[in-house]
Structures are given as structure tokens and as C-alpha cells.
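Just so we're clear, the structure is a prediction, and the values are computed from it rather than from any experiment.
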Amino acid sequence: MLIRPLEEADLPACARLLRDCAIEFIVHESTPEGAATFLRENDEAGLRAYVQGGHVYHVAQDGAALAGFVAVRADSHLFHLFVDKRWHGRGLARQLWNVARRAAIVRGGPGSFTVNSSNYAVPVYEAFGFVRIAPTQCVKGLYFNPMRYTPM
């Protein structure tokens, strides 16, 4: 498994993976409007805008296939973490998180991070050391759980 910085050519595959994962694991709990907004804001053009806005992405590549990707905003917010279902339960999400976390710290980030977790991903983030910092929220029809990671 190769984990490397995102390249422009990765964006279509990232957008497809995000959409597939979001439909299965996230937006089914949202309002129809919330689901549509989330999917629209996170399509290929949306991802491109996040990259242009300074979000830092890394991808996991299994041969020619995209296995997952991660993004950090402002070196302190875990913005995206999506792993192809075929790779669930194999530690790839943790590997991506560790690469993104270390890269953010090298860039001068504080080492503490926030994330707005889907209900599905809460146990994953808890395993990484994140803790809930507020009850489940709903913004623009999308439910999420605010969490924070503080290094020990």
C-alpha cells in the first residue's frame, strides 16, 4: 500500500469513493436536502476547491486502485477520511490518519485535532484517541458528532 500526497489526477477517484461511502454510511441519516447538499459540496469540483483552499490530502493507492484518502484543514481539523469498503477493518484508516497527523505537525500544526464524525465513524475515531466534545449536531440537514484529539 502506497500512501502519498494527492495529485490532480486522483480527484475523480476520490470523488467517486467519497460519494459511494457517503451514500452507504453517512447521508442515509440526513434529510434529503442535507444529503444532496453534502454530496454536491463534496463532488469532484468541491474536492478541487478544498485543495485550492489549502486542505492537504493524502491518498492510499493499492496498485492502480484508490483504497482511501484523508484531508486536513488548517493543520488542525481532520476534514475527510474515507476508505474503500474492501479495506475496512485492515488498519488503513489509522495509517492514513497517522500520515495526515504527522504531516500537519511537520507543517507547524499544534498536534491537537478536531473532527466532525458521522455516527458510523465514531468508534473508529475513538480508537484513534478522539473524544466527543458535544452532543450530535445537525447542520444543513447533516448529522455529525464533534470530536477532539489531544496528544498525550
Could you check Ile26 against Phe82 for side chain to side chain contact (heavy atoms under 4.5 Å, CB included), going step by step and ending with a plain yes or no?
-> CA-CA 11 Å; Ile26 300 173; Phe82 290 94; 3.7 Å; yes
Begin with the C-alpha distance, continue with both residues' side-chain angles, and end with the deciding distance and a verdict on side chain to side chain contact (heavy atoms under 4.5 Å, CB included) for Phe113 and Val72.
-> CA-CA 9 Å; Phe113 293 84; Val72 171; 4.2 Å; yes
Check the pair Leu47 / Tyr57 against side chain to side chain contact (heavy atoms under 4.5 Å, CB included), numbers first and verdict last.
-> CA-CA 10 Å; Leu47 294 181; Tyr57 282 78; 3.6 Å; yes
Glu29 vs Thr136, side chain to side chain contact (heavy atoms under 4.5 Å, CB included): CA-CA, chis, key distance, verdict = CA-CA 12 Å; Glu29 297 178 335; Thr136 301; over 6 Å; no
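A single hydrophobic cluster is seen to contain both Val70 and Val83, as judged by linkage of ILVMFWY side chains at heavy-atom distances under 4.5 Å, directly or through other members. Following chains of ILVMFWY side-chain contacts shorter than 4.5 Å, one can reach Leu142 starting from Tyr120, so the two form part of one hydrophobic cluster. Cluster membership for Leu78 and Val51, using ILVMFWY side-chain heavy atoms within less than 4.5 angstrom, is not shared.
With a 4.5 Å cut-off on side-chain heavy atoms, Arg132 and Val122 count as touching. Residues Leu96 and Leu81 form a side-chain contact, since some pair of their non-hydrogen atoms from C-beta on lies under 4.5 Å apart. Within the 4.5 Å cutoff, side-chain heavy atoms of His77 are placed close to those of Asn116. Between Arg16 and Leu66 there is no side-chain heavy-atom pair separated by less than 4.5 Å. Side chains of Phe25 and His88 form a contact here, defined as non-hydrogen atoms less than 4.5 Å apart.
Within the model, atoms CH2 of Trp87 and CE of Met1 stand 3.0 Å from one another, a figure rounded to the nearest 0.5 Å. Here Phe38 contributes atom CZ and Ser30 contributes atom OG; the two are 8.5 Å apart, rounded to the nearest 0.5 Å. Between the CZ atom of Arg19 and the CG atom of Leu39 there is a distance of 5.0 Å, given to the nearest 0.5 Å. In this structure, SG in Cys14 is found 13.5 Å from OH in Tyr50, a value given to the nearest 0.5 Å. Here the OG atom belonging to Ser112 is positioned 9.0 Å from the CD1 atom belonging to Ile105, to the nearest 0.5 angstrom. The CG atom of Leu18 sits 5.0 Å away from atom NE2 of His80, with the distance rounded to the nearest 0.5 Å.
Across every non-hydrogen atom of Val27 and Ala35, the tightest pair is CB-CB, 3.6 Å. Residues Ala121 and Ser117 approach most closely at C-OG, 3.4 Å, considering heavy atoms. Taking each heavy atom of Leu92 and Ala67 in turn, the nearest pair found is CD2-CB, 3.6 Å.
With sequence neighbours left out, Arg48 forms a side chain to side chain contact (heavy atoms under 4.5 Å, CB included) with Glu8, Leu11, Glu44, Gln52. With sequence neighbours excluded, the residues satisfying side chain to side chain contact (heavy atoms under 4.5 Å, CB included) with Val56 are His58, Arg107.
Glu24 contributes no side-chain N or O that, together with a main-chain N or O of Ala22, makes up a donor-acceptor pair within less than 3.5 Å. A donor-acceptor distance shorter than 3.5 angstrom exists from the side chain of Asp10 to the backbone of Glu7, with no hydrogens or angles considered.
For Tyr143, the OH atom is loosely surrounded, since the number of other residues' heavy atoms within 6.0 Å does not exceed 12.
Evaluation of the salt bridge (charged side-chain N to carboxylate O under 4.0 Å, His left out) test over residues 133-152, restricted to residues two or more places apart or in two chains, returns Glu41-Lys140.
Of the residues listed (Tyr125, Phe69, Tyr149, Phe79), the one engaging Trp97 in a ring-ring contact (aromatic ring centres under 6.0 Å, His included) is Tyr149, and it is the only one.
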